[in-house]
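Everything numeric here is computed off the predicted structure, so don't read it as measured data.
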Amino acid sequence: ASSVAQAQVKFAYVGEISGSIAVSGGNFRDGVILAVEELNAKGGILKQKIELTLYDTQTNPGVARAQMQKAIDGDPYVILGPVFSGSVKVNMVLAQQAEIPQMTGAEAAEITQMGNDYIFRTSFGQQVSMPKMAAFVANGIKAKTVAFLWVNNDYGKGGRDVFFKEMKARN
């Protein structure tokens, strides 16, 4: 007697398993693994188990782009990650061209402002979080001056720009 393999839904996690922000990417990955385990324990999606493949970007945009292409070559239903905004900016166009939905934890404001119908954010973007922070600084603690430090990358510069704009609007 031959056995028929159960159809599976392919998910790909492309994210920071190693490198400078492996903690953030690892947390995102662990949440993905937990959700997949819970869904599979309940029978999967429409009675199809989820098959999850992990791809490590090493917190490096060049590696992230190559790993995204590997993930796409595996024909996933959805791509989850990365968290690092710089990596998302260089790999999101690949998922868009392949017409595969991508769910990211990246927060750089411009990611969802680039006209990509296949990118979805799982957290606040800076266009939401920075106005809240500016309101707290201006109205909550009533600061008259502010010293601002930022990381010199897409996330840091994007947050700085939105924060400065919001603080200027509050004099």
Side-chain angles (χ1 to χ4, degrees), residues 1-130 132 151 153-159 162:
S2 65
S3 63
V4 177
Q6 181 182 6
Q8 294 188 318
V9 179
K10 294 180 181 181
F11 280 29
Y13 169 78
V14 178
E16 302 78 12
I17 297 171
S18 66
S20 62
I21 64 166
V23 170
S24 297
N27 289 337
F28 196 94
R29 177 208 56 213
D30 292 348
V32 167
I33 291 170
L34 182 61
V36 166
E37 288 173 353
E38 288 179 3
L39 287 167
N40 280 341
K42 294 178 182 177
I45 298 173
L46 299 175
K47 299 183 182 177
Q48 295 181 10
K49 296 282 183 173
I50 299 166
E51 175 190 329
L52 176 63
T53 305
L54 304 175
Y55 299 89
D56 184 10
T57 69
Q58 302 169 23
T59 314
N60 178 311
V63 174
R65 186 172 173 87
Q67 293 291 57
M68 177 63 80
Q69 189 58 60
K70 281 185 187 177
I72 289 168
D73 291 346
D75 196 28
Y77 180 74
V78 66
I79 296 168
L80 307 162
V83 172
F84 187 49
S85 297
S87 291
V88 174
K89 283 180 60 183
V90 300
N91 74 18
M92 66 188 251
V93 70
L94 297 175
Q96 179 184 20
Q97 289 169 346
E99 299 182 345
I100 298 171
Q102 179 180 1
M103 297 182 188
T104 181
E107 296 181 7
E110 66 185 311
I111 288 172
T112 52
Q113 298 169 350
M114 299 171 82
N116 181 342
D117 292 336
Y118 289 87
I119 193 88
F120 301 90
R121 197 188 303 274
T122 63
S123 58
F124 278 148
Q126 294 167 320
Q127 68 276 23
V128 174
S129 61
M130 289 301 163
K132 290 178 184 295
V151 176
N153 63 21
D154 294 311
Y155 172 76
K157 289 183 268 189
V162 175

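- Not a single side-chain hydrogen bond (donor to acceptor under 3.5 Å, both in side chains) links Asp75 to another residue, sequence neighbours left out.
- In this structure, Gln58 CD and Phe84 CZ are separated by 13.0 Å, a value rounded to the nearest 0.5 Å.
- Residues Ile79 and Ile72 meet the side-chain proximity criterion, which asks for heavy atoms closer than 4.5 Å.
- Qualifying side chain to side chain contact (heavy atoms under 4.5 Å, CB included) partners for Ser20, counting only residues two or more places apart in sequence or in other chains: Thr59.
- Residues passing the side chain to side chain contact (heavy atoms under 4.5 Å, CB included) test with Ala108 are Ser85, Ile111, Gln126, sequence neighbours excluded.
- When all heavy atoms of Arg65 and Val90 are compared, the pair lying nearest together is NH1-O, 2.8 Å.
- If you take CD on Gln96 and CG on Asn116, they are separated by 3.5 Å, rounding to the nearest 0.5 Å.
- Residues Asn91 and Gln102 bring a donor and an acceptor atom of their side chains to less than 3.5 Å of each other.
- Here salt bridge (Lys or Arg N to Asp or Glu O under 4.0 Å) pairs that include residues 89-103, with residues two or more places apart or in two chains, are Lys89-Glu110, Lys89-Asp154.
- Taking CE of Met103 as the reference point, atom OG of Ser123 lies at 13.0 Å (rounded to 0.5 Å).
- The shortest non-hydrogen separation linking Ala95 to Met68 is CB-SD, 4.3 Å.
- Every residue meeting the side chain to side chain contact (heavy atoms under 4.5 Å, CB included) condition with Asn27, not counting sequence neighbours, appears here in chain and number order: Val23.
- The shortest non-hydrogen separation linking Pro82 to Ser87 is CG-CB, 4.0 Å.
- With values rounded to the nearest 0.5 angstrom, Leu54 atom CG is found 4.5 Å from Leu52 atom CG.
- The nearest pair of heavy atoms linking Met92 to Ile119 is CB-CD1, 4.0 Å.
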Residues 28-46 side chain polar contacts: donor-acceptor under 3.5 Å, at least two apart:
from	atom 1	to	atom 2	distance (Å)
Asn40	OD1	Ile50	N	2.6
Asn40	ND2	Ile50	O	3.0

For this session: For side chain to side chain contact (heavy atoms under 4.5 Å, CB included), just list the numbers for Leu80 and Phe11, CA-CA rounded to whole Å, side-chain angles, deciding distance to a tenth of an Å, and then say yes or no.
Result: CA-CA 8 Å; Leu80 307 162; Phe11 280 29; 3.9 Å; yes
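- Annotation: side chain of Glu51 is in contact with side chain of Lys10 (closest heavy-atom distance under 4.5 Å).
- Ile100 contributes atom CD1, which lies 9.5 Å from atom OH of Tyr118 (distance to the nearest 0.5 angstrom).
- Interatomic distance, CG of Asp56 versus OH of Tyr13, reported as 8.0 Å (0.5 Å rounding).
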